[in-house]
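In what follows, a structure is listed as structure tokens, so that the remarks can point back to it.
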Amino acid sequence: MHKRLLITLAIAITAALVSAPAAFAAASSLNHVIDNLRVWITGLLAALATLLLMIGGVRYLLAAGDPGQHERAKGSIRAALIGYALALLAPVLVSIVQGIVG
């Protein structure tokens, strides 16, 4: 299961990187590139957090009273919550970088 998850994540990241140059090619200024990057980062973080939340929920349902499986499920759900927090903070971090760069 772990190997299949890594393969799925690798495929998703590769697809995002392949389609990302199209978004950056249309950019006419550095601010536009940074805005496009913010949208991509937020989308990827939210998608990965949703995937981890679903995996954690399924693990929790299928744990059948096993404490080790419950902890793994809780870890996935915690990682999803951290991912959502990062997705919410991505625009703030990008605006800080944008302020530094100018």
Worksheet entry | Linked, directly or transitively: I82 and L45 (ILVMFWY side chains, under 4.5 Å) |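 In one cluster with I82: L45, yes.
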Please give me the minimum heavy-atom distance between [X] and [Y], naming the atom from each residue.
X   : Y   : result
G83 : A49 : C-CB, 3.9 Å
L53 : A80 : N-CB, 3.5 Å
A73 : G56 : CB-O, 3.5 Å
A87 : T42 : O-CG2, 3.7 Å

Worksheet item: Which ring pair (Phe, Tyr, Trp, His ring centres under 6.0 Å) pairs, counting each pair once, include a residue from residues 49-72, with sequence neighbours left out?
Response: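 For residues 49-72: Y60-H70.
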Worksheet item: Is there any ring pair (Phe, Tyr, Trp, His ring centres under 6.0 Å) pair reaching into residues 77-98, and which pairs are they, with sequence neighbours excluded?
Response: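 As it turns out, there is no ring pair (Phe, Tyr, Trp, His ring centres under 6.0 Å) pair with a partner in residues 77-98 once direct neighbours are skipped.
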Output the distance between atom [atom1] ([X]) and atom [atom2] ([Y]), rounded to the nearest 0.5 Å.
X   : Y   : atom1 : atom2 : answer
R59 : M54 : CZ    : CE    : 13.0 Å
R72 : D66 : CZ    : CG    : 10.0 Å
T50 : I55 : OG1   : CD1   : 11.0 Å

